[in-house]
2 protein chains.
Amino acid sequence: MSIRIQKTFEGLFALEEIRGLFRESLPTGFDAGEEQAFQEKVARLKAIVADLEAGTGTPHVTKIAGTLDIRSREEESINIHPIQAAGRLTTEARKAIISYGDGYSTCDACRKPFRLDKISRPGIAEFHADLAKWLNMDQARVVPGARRGFQAVAGTFVEKGDSVIVSALAHYTEFLAVENAGGVVKEVPLDNRNIVTAEATAQKIEDVKAETGKLPVLVMIDHFDYQFANEHEIAGIGKVAHQYDIPFLYNGAYTVGVQPVDGKKIGADFVVGSGHKSMASVAPSGVLAIRDEWVPKALRTTAMVGDLTKRKFGIKEVEMLGCTLMGGTLLSMMASFPTVKERVKHWDEHVKRSNYFIGRLLKINGSKVLSEYPRNHTLTKVDTTGSFDTVAKTHKRRGFYFSDELSSRGIVGEFAGATRTWKLNTYGLADRQIRYLADMFSEIAEKYQIPVQA
Amino acid sequence: MSIRIQKTFEGLFALEEIRGLFRESLPTGFDAGEEQAFQEKVARLKAIVADLEAGTGTPHVTKIAGTLDIRSREEESINIHPIQAAGRLTTEARKAIISYGDGYSTCDACRKPFRLDKISRPGIAEFHADLAKWLNMDQARVVPGARRGFQAVAGTFVEKGDSVIVSALAHYTEFLAVENAGGVVKEVPLDNRNIVTAEATAQKIEDVKAETGKLPVLVMIDHFDYQFANEHEIAGIGKVAHQYDIPFLYNGAYTVGVQPVDGKKIGADFVVGSGHKSMASVAPSGVLAIRDEWVPKALRTTAMVGDLTKRKFGIKEVEMLGCTLMGGTLLSMMASFPTVKERVKHWDEHVKRSNYFIGRLLKINGSKVLSEYPRNHTLTKVDTTGSFDTVAKTHKRRGFYFSDELSSRGIVGEFAGATRTWKLNTYGLADRQIRYLADMFSEIAEKYQIPVQA
């Protein structure tokens with residue numbers, strides 16, 4: 001780790017230790033012993049800051065809680081990990097979790113009716129309203145990951161043996177959500193471009209009806225899938241679902257938070273997004289946005305009455321299990337939200353950079369792109385069997401030579417050892433970072449005599 | 001906010017901004033413009049540290065992301081909030097979320113078989129094994145809050161119309177978990193001390209059997225309830241459940257992480273704990289520990305096969321929906337764990353302090369304790385109708401006078417405005433903090449001429 005990055009972490013940790021002193025003291029202030037401990041810790045902090053400024057010194061802290069390494073890959077490197085790129089915290093989110101990390105930190109001013117989305121200090125109620133509006137839906141709830149959004153919707157509609165339409169590229173969490181609700185997935189086939197079309201979806205609905213004698217109870221399709229990040233015919237699919245009167249869940253795990261999403265335009269009954277995947281938030285977090293029509297069903301409040309006490313917990317929503325994200329997860333979403341709202345407007349620039357990088361990769365002889373091309377997304381599946389893998393075949397480190405070469409250039413997040421088909425995500429990189437990334441791929445190719453077109 | 005606490009936050013935030021510079025730069029280091037920005041930010045940091053040291057200066061940062069207040073109540077005050085006390089982060093947990101706050105930060109070294117609890121860097125697999133052993137159970141999984149543990153177990157055992165035994169003091173999330181699975185709660189009555197006994201549980205099982213013709217499918221009881229934090233006959237209840245061959249879920253939301261819990265001694269088939277309530281962790285987090293006997297059922301892996309692609313996601317667990325806490329939530333649990341393991345050994349000291357405070361409160365004329373007394377827990381329901389509420393009756397601020405008096409003495413976390421029956425939790429306070437707390441209650445009483453016994 002660069003010494004300046006090391007000292008940045010040490011400074012943060014020293015301040016957390018100072019913070020610990022305040023937590024242990026009386027509200028009346030420090031006693032003499034605490035004041036001394038405080039001054040000692042401040043002296044240490046000053047030495048750290050001096051090293052930070054000068055770029056000097058040696059690492060003093062290398063572990064957290066005695067066992068955890070400091071994770072500095074976002075500071076040290078360009079990270080092209082397929083699922084990490086858009087979940088990196090904003091600076092404001094990092095400040096928010098410093099301030100709101102403690103357990104139930106959202107609950108300081110929780111008042112009747114005692115539900116997370118009704119809290120106004122901090123502005124959680126307002127955030128919920130903003131989220132719904134931003135997605136052009138009627139209501140929004142935060143959930144512990146997109147998968148918990150799928151679960152809530154599947155739990156609402158799916159009875160034992162019911163069919164749910166998913167894509168042939170559906171994420172495993174959609175399978176699990178349907179299975180958990182007792183349903184069966186029915187996959188829509190891809191066309192020859194690996195796209196899920198509206199037509200194929202309509203045909204699949206017909207097939208299911210013919211086969212089972214019943215219509216599917218839910219259509220749940222990813223706008224961009226996790227494998228190729230190809231763009232599927234989501235608005236057309238929404239239309240088809242409505243023609244059959246089947247509720248439509250739009251899986252925006254790879255869109256909500258990086259590109260504009262207009263739920264009503266898409267025809268979505270439910271929009272699900274992922275906080276830790278695409279909204280610069282702490283895991284597990286996500287959003288479930290709903291049209292008013294479905295609120296009484298999907299956000300139904302509890303009807304359970306204690307047989308003995310006759311207790312009722314009237315306003316608590318069954319599928320949410322009451323409150324969902326009662327601390328740092330939610331506050332990180334809220335703190336990132338202004339940035340997220342702004343960044344989706346610049347999605348085209350991120351796609352352009354993605355295409356620039358893939359274009360450069362394709363100039364490396366033998367490289368292919370397995371995703372649709374030109375790209376409509378920053379996540380891409382590439383095939384370097386004909387390029388970088390030709391070296392791996394005879395290299396003593398096998399495919400790991402490629403990881404070594406990347407990491408020595410400050411690039412991380414590739415699947416270590418993989419040189420055939422693998423995925424990368426360039427989301428969030430600036431122009432010069434993209435150029436650097438492309439240059440480094442070319443440099444590695446040239447080092448191993450893989451021809452690179454000019 | 002005290003200026004030193006203010007400057008501590010400003011220092012942390014300034015370092016996060018410096019960290020942002022590293023994130024935006026190339027792996028090759030800063031260019032001239034970045035170096036200048038860096039030096040400017042370091043200069044600002046140095047000024048903050050100088051103010052921190054001297055206790056001088058004025059607040060420069062008051063909002064995060066333009067809207068969120070800095071939450072400093074743990075630094076400023078003694079916080080007796082009923083559900084926040086044991087969820088406060090340890091210093092190591094705060095360091096961990098600084099380092100691991102980013103989205104999918106746990107996934108850097110995820111390899112086959114691609115499941116959270118199998119990851120060895122950071123030591124997530126080892127943590128899972130440690131958690132299970134610590135609770136004297138066979139397997140453990142982390143979950144997004146205790147409620148998600150209830151949901152997983154209810155989802156496993158409960159079919160439509162099935163009965164689940166809960167306590168007459170059951171938490172609302174148990175109601176919701178049962179309702180969500182299609183079941184019906186059946187409450188065990190309290191005895192005249194507000195305790196759930198083994199005998200009453202056996203009787204309730206018999207009653208349900210007589211009434212419905214079927215045995216309940218699950219017994220789910222809180223060791224300490226959320227209302228009074230009375231201690232219920234948990235080991236006896238475990239025994240009763242086993243006599244009827246009904247699986248027994250031990251709800252340790254108020255025990256796991258603050259007092260020793262021995263799952264097998266209790267006779268628990270499932271132990272559920274809460275990270276943000278009692279394990280000094282970021283919300284939502286928790287643990288579900290399981291006996292081997294139930295693993296094939298409750299942690300069943302997916303059996304769903306894509307009808308078209310024949311895809312299977314074999315190792316993913318249906319009730320967990322695959323991975324659960326993929327970032328800062330889990331890392332905060334892990335970083336707090338060494339402290340948590342140690343602190344449970346000192347539970348008796350925390351109970352002793354709780355009794356000291358309640359004893360002092362009872363010396364204030366007219367005060368009562370509604371929880372069992374002497375206390376076996378740090379969470380207590382008190383009744384100050386005969387003491388502090390007598391003032392509220394005529395005070396122009398009504399019950400809020402009491403909040404005002406407390407907060408002016410650096411005490412927060414009471415239910416604002418409540419002067420009749422309310423709850424408080426003294427967990428984590430040191431001797432002198434407890435004495436201070438008791439002294440301040442006496443001082444307020446005396447100020448309003450409420451007699452205080454010597």
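In what follows, every chain begins at residue 1, and chains take the letters A, B, ... in the order their sequences are listed.
A salt bridge is defined here as a Lys NZ or Arg NE, NH1 or NH2 lying under 4.0 Å from an Asp or Glu carboxylate O, and A:K95 with B:E17 meets this definition. Checked for salt-bridge contact, A:R23 and B:E76 miss the test: no charged N lies under 4.0 Å from a carboxylate O. Using a cutoff of 4.0 Å between basic side-chain nitrogens and carboxylate oxygens, A:E317 and A:R300 are not scored as salt-bridged. A salt bridge does not link B:E53 with B:R4: none of the charged nitrogens is closer than 4.0 Å to a carboxylate oxygen.
The candidate with the highest count of non-hydrogen atom pairs below 4.5 Å against chain B, out of A:A86, A:A43, A:G123, A:G101, is A:G101. Highest contact tally toward chain B, considering only A:V42, A:T91, A:N180, is held by A:N180 [criterion: heavy-atom pairs under 4.5 Å]. Listed options A:G87, A:A168, A:G327 were ranked by heavy-atom pairs under 4.5 angstrom with chain B; first place goes to A:A168. No other option in B:M440, B:E74, B:M304, B:E24 has as many heavy-atom pairs under 4.5 Å with chain A as B:M304. Contact count versus chain B (heavy atoms, under 4.5 Å) is highest, among A:A416, A:A430, A:S77, for A:A416. The greatest number of non-hydrogen atom pairs below 4.5 Å with chain B, out of A:C323, A:P189, A:S285, A:G145, is found for A:C323.
A cation-pi arrangement is found for B:R111 relative to A:F415, the charged atom lying closer than 6.0 Å to the ring centre and inside a 45° cone about the ring normal.
Within the 4.5 angstrom heavy-atom criterion, atoms from both the backbone and the side chain of B:A303 approach chain A. Of the atoms belonging to B:E126, not a single heavy atom falls under 4.5 Å from chain A. When heavy atoms are compared at a cutoff of 4.5 Å, A:F38 approaches chain B solely by way of its side chain, counted from C-beta outward. The part of A:M320 that comes within reach of chain B is its backbone (N, CA, C, O), which places non-hydrogen atoms under 4.5 angstrom from that chain. Of the atoms belonging to B:I97, heavy atoms from both backbone and side chain fall under 4.5 Å from chain A.
Checking A:Y104 against B:R88 by side-chain atom types alone, no donor-acceptor pair falls below 3.5 Å. There is no side-chain donor-acceptor pair under 3.5 Å between A:S281 and A:S336.
Using cut-offs of 30° and 60° for the angle between ring planes, the A:F313 and B:F175 rings count as perpendicular.
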